[in-house]
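Report on the structure given below.
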Amino acid sequence: MNRKKLQKLTDTLTKSCKHFNKFEVNCLITLFYNLVGDVAEKQGVVIGLDRNAFRNILHVTFGMTDDMIMDRVFRGFDKDNDGCVNVSEWIHGLSLFLRGTLEEKMKYCFEVFDLNGDGFISKEEMFHMLKNSLLKQPSEEDPDEGIKDLVEITLKKMDQDHDGKLSFADYEKSVREETLLLEAFGPCLPDPKSQMEFEAQVFKDPHEFHDM
């Protein structure tokens with residue numbers, strides 16, 4: 001990408017993105033094109049990170065291991081649902097992912113957890129996610145029973161209007177009272193350590209990131 005184009009893209013994205021300054025946006029754009037690699041050189045190809053490339057970044061850089069959650073995070077970034085995270089989705093996604101306000105993060109986590117997109121987190125959805133994210137404990141008991149118990153406990157704690165499922169209002173109120181509940185159903189945000197490492201690495205010299 002030539003300097004002029006890069007400058008223009010940086011300016012546009014800096015204006016629309018409230019958590020990164022111009023230098024940081026520039027670093028992230030450079031990193032994006034490093035990650036996308038030579039594909040960008042071929043015209044006519046969708047320039048972006050596909051599901052696998054993106055999941056690899058989540059796994060390697062942010063230590064995520066849960067397939068279902070990584071898939072949902074990918075969908076959270078891929079706003080236009082074209083199966084690719086483009087440069088603008090990358091910057092806006094990371095802005096929230098790394099530095100979002102509590103409001104933004106609540107909205108994002110809720111969308112990740114609302115598997116069928118109906119505006120509620122149902123018992124079934126909780127069960128699926130918790131089953132996925134909890135390590136299988138070798139024990140005599142039926143592990144599913146333990147997860148069902150956990151779902152009930154969580155519901156009891158978070159279901160403010162007692163309708164047997166979580167609306168965003170339930171979730172928001174619970175998280176405001178107890179921030180730890182933000183990621184109640186699985187880690188869908190980077191932990192502080194990997195976030196700091198990522199920022200330290202990328203906002204220094206993006207060219208070095210490529211060799212990690």
Practice prompt. List in chain and number order the residues that pass side-chain contact (heavy atoms from CB on, under 4.5 Å) with Arg72, two or more places apart in sequence or in another chain; answer none if no residue qualifies.
Written response: Arg75, Val112, Leu115

Response to the item:
Taken in chain and number order and not counting sequence neighbours, the residues that satisfy side-chain contact (heavy atoms from CB on, under 4.5 Å) with Ser16 are Leu13, His92

Worksheet item: Just how far is it from atom SG of Cys27 to atom CD of Glu199, taken to the nearest 0.5 Å?
Response: 11.0 Å

Worksheet item: Would you say Ser194 and Thr61 make side-chain contact, with heavy atoms under 4.5 Å?
Response: no

Discussion item. Closer than 3.5 angstrom, by distance alone: can the side chain of Tyr171 be matched with the main-chain N or O of Asp159 as a donor-acceptor pair?
Written reply: no

Worksheet entry | Phe168: ring pair (Phe, Tyr, Trp, His ring centres under 6.0 Å) partners, not counting sequence neighbours | Phe110

Worksheet item: Which pairs, with at least one residue in residues 116-126 and sequence neighbours excluded, count as a salt bridge (charged side-chain N to carboxylate O under 4.0 Å, His left out)?
Response: Lys123-Glu152

Worksheet entry | Residue list, side-chain contact (heavy atoms from CB on, under 4.5 Å) with Asp80, at least two apart or on another chain | Asp78, Asp82, Asn86, Glu89

Practice prompt. Sequence neighbours left out, what passes side-chain hydrogen bond (donor to acceptor under 3.5 Å, both in side chains) with Asp71? Give chain and number order.
Written response: Arg51, Arg55

Worksheet item: Quick one: salt bridge (charged side-chain N to carboxylate O under 4.0 Å, His left out) pairs with a partner in residues 19-28, sequence neighbours left out?
Response: Asp11-Lys22, Glu24-Arg99

Worksheet item: Any idea which heavy atoms bring Cys188 and Met64 closest together, and the distance?
Response: C-CE, 3.5 Å

Worksheet item: Just by distance, do the side chain of Asp114 and the backbone of Glu111 share a donor-acceptor pair under 3.5 Å?
Response: no

Item to complete: Output every pair passing salt bridge (charged side-chain N to carboxylate O under 4.0 Å, His left out) with a member in residues 26-35, not counting sequence neighbours, ordered by first then second residue.
Response: none

Practice prompt. State, with a plain yes or no, whether a side-chain heavy atom of Ile69 is found less than 4.5 Å away from one of Leu58.
Written response: no

Fill in: Sequence-distant partners of Phe97, ring pair (Phe, Tyr, Trp, His ring centres under 6.0 Å), two or more places apart
Phe62, Phe77

Worksheet item: To the nearest 0.5 Å, what is the distance between CD1 (Ile29) and OG1 (Thr10)?
Response: 3.5 Å

Worksheet entry | Separation of Leu35 CG from Leu49 CG (nearest 0.5 Å) | 6.0 Å

Worksheet item: Side chains of Thr14 and Phe20: closer than 4.5 Å at any heavy-atom pair?
Response: no

Discussion item. If the condition is side-chain hydrogen bond (donor to acceptor under 3.5 Å, both in side chains), which residues does Lys148 pass it with, not counting sequence neighbours?
Written reply: none

Worksheet item: So do Leu155 and Leu166 actually touch side chain to side chain, heavy atoms under 4.5 Å?
Response: yes

Practice prompt. State, to 0.1 Å, how close Glu104 and Leu96 come at their nearest heavy-atom pair, and which atoms those are.
Written response: O-CD1, 3.7 Å

Fill in: Partners meeting side-chain hydrogen bond (donor to acceptor under 3.5 Å, both in side chains) with Thr12 (sequence neighbours left out)
none

Worksheet entry | Rounded distance [0.5 Å steps], CD1 in Ile147 versus CE in Met126 | 13.5 Å

Practice prompt. Describe, in one word, how the ring planes of Trp90 and Phe32 are oriented to each other, choosing from parallel (under 30°), tilted (30 to 60°) and perpendicular (over 60°).
Written response: tilted

Practice prompt. Compare every heavy atom of Cys109 with every heavy atom of Leu189, then report the nearest pair and how far apart it is.
Written response: CD1-SG, 3.7 Å

Fill in: Derivation of the salt bridge (Lys or Arg N to Asp or Glu O under 4.0 Å) call for Lys107 and Glu103
CA-CA 6 Å; Lys107 207 162 161 274; Glu103 268 72 20; over 6 Å; no

Worksheet item: Are the side chain of Ser95 and the backbone N or O of Ile91 linked by a donor-acceptor pair below 3.5 Å?
Response: no

Worksheet item: Is there side-chain contact between Thr101 and His19, with heavy atoms separated by less than 4.5 Å?
Response: yes

Item to complete: Work out which heavy atom in Lys105 is nearest to a heavy atom in Leu98; give both atom names and the distance.
Response: NZ-O, 4.3 Å

Worksheet item: In chain order, what residues pass the side-chain contact (heavy atoms from CB on, under 4.5 Å) check against Lys157, with sequence neighbours excluded?
Response: Leu181

